[in-house]
Undergrad: 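Shown below is the structure under consideration.
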Amino acid sequence: MSTASPSSAPQAPASSHGLEAYHLHLMEAAKLAAQLTQHQKNALETIANQMARPGRGLLAADESVPTLGKRLVAAGLVNDEETRRAYREVLFSHPDLGEYLSGAILFSETLGQKAVKDAEGRLFPALLQSKGVLPGVKVDLGLEPLEYSARETHTKGMNDLMERCQEFYAQGARFAKWRAVIRIDEAANLPTRACMQINSAELARYAATCQACGLVPIVEPEILIEGAHSAETFARVTEAALSEVYYTLAQAKVFLEGTLLKPQMIMPGVDSPSEGRPRPEEAARRTLEALRRRVPPAVPGVVFLSGGQTEEQATQNLNLINQLAKRPASPFRPSSTTCPWILSFSFGRSLQASVLATWDGKDKNYEKAMEVAGALAKANAQAQLGEYQGPHPSVLKGQSLHETNRGWGANAGEGGGKGESTAGATATVPPSGETAA
Amino acid sequence: MYIYVTIIRLPLITLQRPIRPSLRCLTTSQFTFPTAKKLKLCQAMKIFSSLLLASLVTTCSAFVPLNQVLNATPIKTRGRFAALKMVSRAEKENPYMEELKANARKIGGRGRGILASDESNATTGKRLEAVGVENTEENRRKWRELLYTAPGLGQYISGAIMFDETLYQKTAEGKPFVDVLAEQNIIPGIKVDTGLQNMFGTDGETATQGLDGLGDRCKAYYKQGARFAKWRAVLKVDDRDLPSEKAIWENAHALARYAAIAQENGLVPIVEPEVTLGPGAYSIERTAFISERVNSIVMNWLNRYDVVLDAILLKPNMILPGLDAPIASKEEVAKYTVQVMKRSIPPAVPSIHFLSGGMGEEEATLNLQQLQKEYPDAPWSLTFSYGRALQSSTLKTWSGKQENWKAAQDILVKLAQANSQAQLGQFVEGTHPDGKNAPVFISILRFVLGGCMRLISRQAVEVDVSIAQRKKSQKRPRCK
């Protein structure tokens with residue numbers, strides 16, 4: 001369990017994301033990582049290997065209150081705690097969930113909620129553990145724009161991360177997630193290296209902090225698919241971002257065997273013209289190539305995020321990726337593995353959209369919605385083995401699940417987590433006039 | 001757009017087409033290295049055929065809508081068209097890229113490694129003089145001829161690194177060494193750095209020189225027939241403050257810049273960040289810590305310089321404790337070495353060739369085998385790039401004498417075979433040909449014959465297994 005003392009936290013620098021903050025994050029991360037004992041490392045490695053198993057993946061049910069609220073309201077429901085609880089209960093109730101999922105990422109509020117339909121009235125973490133699904137928790141508090149680059153962000157949540165992680169561990173969480181976002185805009189010369197560096201430093205410090213508390217950190221450098229860039233640009237930015245992330249993690253000596261990576265599959269931007277789009281096989285090949293060039297074999301698993309693909313697209317792309325990964329690395333060495341990490345899923349919208357549509361807030365749809373949740377998880381579990389065959393259990397035909405500016409907004413952190421006070425933080429203003437999350 | 005594809009892109013595609021390595025060349029030595037004339041003929045044929053194809057397609061496209069044709073073509077062809085848009089600029093604009101990747105994969109093939117025979121004239125001189133051979137160009141040429149003409153070497157060696165002088169040398173009959181190696185199915189390589197330079201204000205740390213004019217030198221080497229290059233960066237380690245930040249950054253930068261230049265000119269770069277075995281009682285954990293750090297910094301610099309990792313080879317040190325620390329078992333060495341590689345080297349690097357610096361011949365072989373046991377399904381090939389571990393015994397056996405030529409070549413091939421078996425995990429402990437493990441009756445025979453030899457010649461010759469064979473081979477006529 002945690003042996004690091006929170007009282008050694010240094011004074012916060014003037015800016016939360018300048019050069020000073022970068023070095024501070026690195027130093028703190030290195031200090032925490034150096035204090036990790038072999039016993040702690042073994043425990044972390046066990047959990048990470050449990051999360052990254054063949055034929056299993058993660059369910060990302062960790063939407064913050066405003067983000068989930070948008071979806072509930074769009075489905076005609078009220079955004080209150082009971083609705084959110086009931087919705088999560090639908091997601092977690094399927095009896096065979098443990099055969100398709102190895103973990104589920106929860107929002108901090110959800111960790112303390114009860115499953116009322118459960119015979120024993122257990123809390124969600126215990127319910128999930130009983131099915132063999134590890135509970136995880138989102139530990140960041142949303143995005144904040146950078147002072148020196150208004151359209152780029154860093155992630156909030158560092159100030160009292162240690163205390164919150166210890167509390168989450170006590171509530172039953174065994175892994176954590178932190179979402180860092182990198183935006184591509186060729187016209188505006190984004191992403192800047194400064195943005196990638198500060199986000200990498202925050203990821204390193206978050207990873208070291210979680211490991212000190214016994215939680216396995218999922219490192220998520222999400223590169224947005226918003227924009228009109230080609231898949232080639234996306235691949236190059238992915239490679240640059242992953243290079244920065246793993247370099248920073250190595251500098252801070254984070255225990256890589258006890259972490260997971262959560263990247264985006266390589267695809268062209270949503271606004272890019274449709275003639276230049278590569279075939280799915282090419283996109284899968286390029287995704288594998290980018291990962292092989294940047295992710296060290298010590299990482300046990302790479303879990304893809306769905307990022308606005310339709311449910312069917314996400315499953316099919318995952319399937320293709322795993323089929324490609326089965327081939328040996330070189331024709332001269334038939335026994336070599338192409339990908340030494342498990343390639344699995346950590347889908348949010350792509351595992352939930354149909355469930356929400358089926359459930360619709362009505363108790364009579366509870367059973368059906370639960371079945372849909374199980375069927376979606378099963379399809380993706382088959383895709384992880386490269387054995388997915390249609391038809392897809394999605395009830396929404398071809399609707400894009402893409403949402404712009406997800407994670408922004410003044411309210412992004414509220415609803416269960418402690419609010420963060422950043423000195424001098426201005427209210428976030430989304431650039432193109434869309435309503436805040 | 002379709003006209004653009006057919007008239008401009010198609011010829012370029014066919015010109016960039018890689019020489020697909022067939023699996024046949026694993027078992028036979030049928031790989032014929034193309035001479036300059038053959039290359040020109042091939043290029044001419046490629047241009048002619050691509051023009052023919054372009055004209056055919058253009059006429060066809062007048063009758064059949066091309067998008068229908070493209071949709072009907074099998075996925076493999078379509079994939080190649082689509083792939084052109086998805087590669088990054090450093091790859092896209094490099095005409096050698098496919099060849100580089102193919103060569104890198106070939107060098108890292110199963111059961112084969114690299115012979116590092118690239119010692120500078122001064123270093124070679126030291127080694128030759130230690131066995132009583134004068135350091136002249138002719139002797140150096142003879143020594144390298146001995147190595148490269150060893151029969152059957154190509155079964156165990158995939159590449160040979162040469163020094164500048166050697167690349168242009170020929171056998172006694174006038175056959176260039178590059179041709180000799182090509183016939184053996186061994187890819188010639190070239191050392192391109194020009195030596196170490198002390199960094200003032202450090203504790204004896206060095207930077208490696210050789211970036212000036214590197215592009216032109218690489219072009220000349222490629223023309224002569226070299227297909228991969230080597231650059232040795234050296235870092236010292238101790239318990240406290242070596243290597244310094246300055247030394248790591250300088251060497252990492254130079255390695256990255258060299259690798260980019262080598263790839264640009266068609267040579268597969270061997271990136272060698274050697275954390276050298278040195279005096280001191282530093283632990284194996286300390287070496288692992290420093291090696292991990294150095295490797296991750298080198299990888300980051302390579303990425304910043306857009307070096308394509310699929311087309312490089314890595315030449316690191318195995319993780320060993322300091323010279324004054326207790327010797328580590330091969331299990332410990334393998335465990336820490338694999339841990340360091342897993343944490344810092346991405347799977348895209350086709351193979352990792354460990355250097356033998358500081359290890360004895362047998363130790364090097366056994367450690368290599370232990371690595372395969374430690375990580376059997378590694379994404380990169382774990383193999384060797386040995387200099388002294390393959391040449392020490394060979395040189396001692398030869399000692400400059402023509403009558404020992406065959407025996408020395410035998411030893412070399414046996415050593416290469418032992419390491420090849422170790423790479424496959426099939427080496428039997430106790431059968432290492434460095435002569436210290438022979439069965440008992442051979443040992444007795446060696447002792448008796450060795451005594452006789454000492455009596456007769458009054459030289460302190462190191463007796464090895466091939467004494468009996470040497471006696472036999474002296475009676476057999478030597479065939480050319």
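Note on naming: letters A, B, ... go to the chains in the order of the sequence lines (proteins, then strands), and numbering restarts at 1 for each one.
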Undergrad: Using a cut-off of under 4.5 Å on heavy-atom pairs, state which of A:V295, A:L288, A:L256 scores highest against chain B.
TA: A:V295
Undergrad: Contact part of A:T338 toward chain B, heavy-atom cut-off under 4.5 Å: side chain, backbone, both or neither?
TA: backbone
Undergrad: Do B:S344 and A:P296 have side chains that get closer than 4.5 Å, going by heavy atoms?
TA: no
Undergrad: Take atom CZ in B:R304; do more than 12 heavy atoms of anything else shown fall under 6.0 Å from it?
TA: yes
Undergrad: Hey, does B:Y375 have a side-chain heavy atom less than 4.5 Å from the side chain of A:P297?
TA: yes
Undergrad: Strictly below 4.0 Å, N to O, side chains only: are A:E257 and B:K342 in salt-bridge contact?
TA: no
Undergrad: Is a side-chain donor or acceptor of B:R343 paired with a backbone partner of A:A298 at a separation under 3.5 angstrom?
TA: no
Undergrad: If you define the side chain from C-beta out and look only at heavy atoms, does anything of B:E292 sit under 4.5 Å from A:K253?
TA: yes
Undergrad: Heavy-atom pairs under 4.5 Å with chain A - which of B:L309, B:I297, B:N295, B:N303 has more of them than the others?
TA: B:N303
Undergrad: Do B:E91 and A:R293 sit within salt-bridge range, that is, some charged N less than 4.0 Å from a carboxylate O?
TA: yes
Undergrad: Counting only heavy atoms closer than 4.5 Å, note whether B:F289 contacts chain A via side chain, backbone, both or neither.
TA: both
Undergrad: Which heavy-atom pair separates A:S243 from B:N300 by the least distance, and what is that distance?
TA: OG-ND2, 3.3 Å
Undergrad: With a sphere of 6.0 Å drawn around CD of B:E245, does it hold more than 12 non-hydrogen atoms of other residues, nucleotides or ligands?
TA: yes
Undergrad: Can you name the nearest heavy-atom pair linking A:Y247 to B:S296, along with the distance?
TA: CD1-O, 3.8 Å
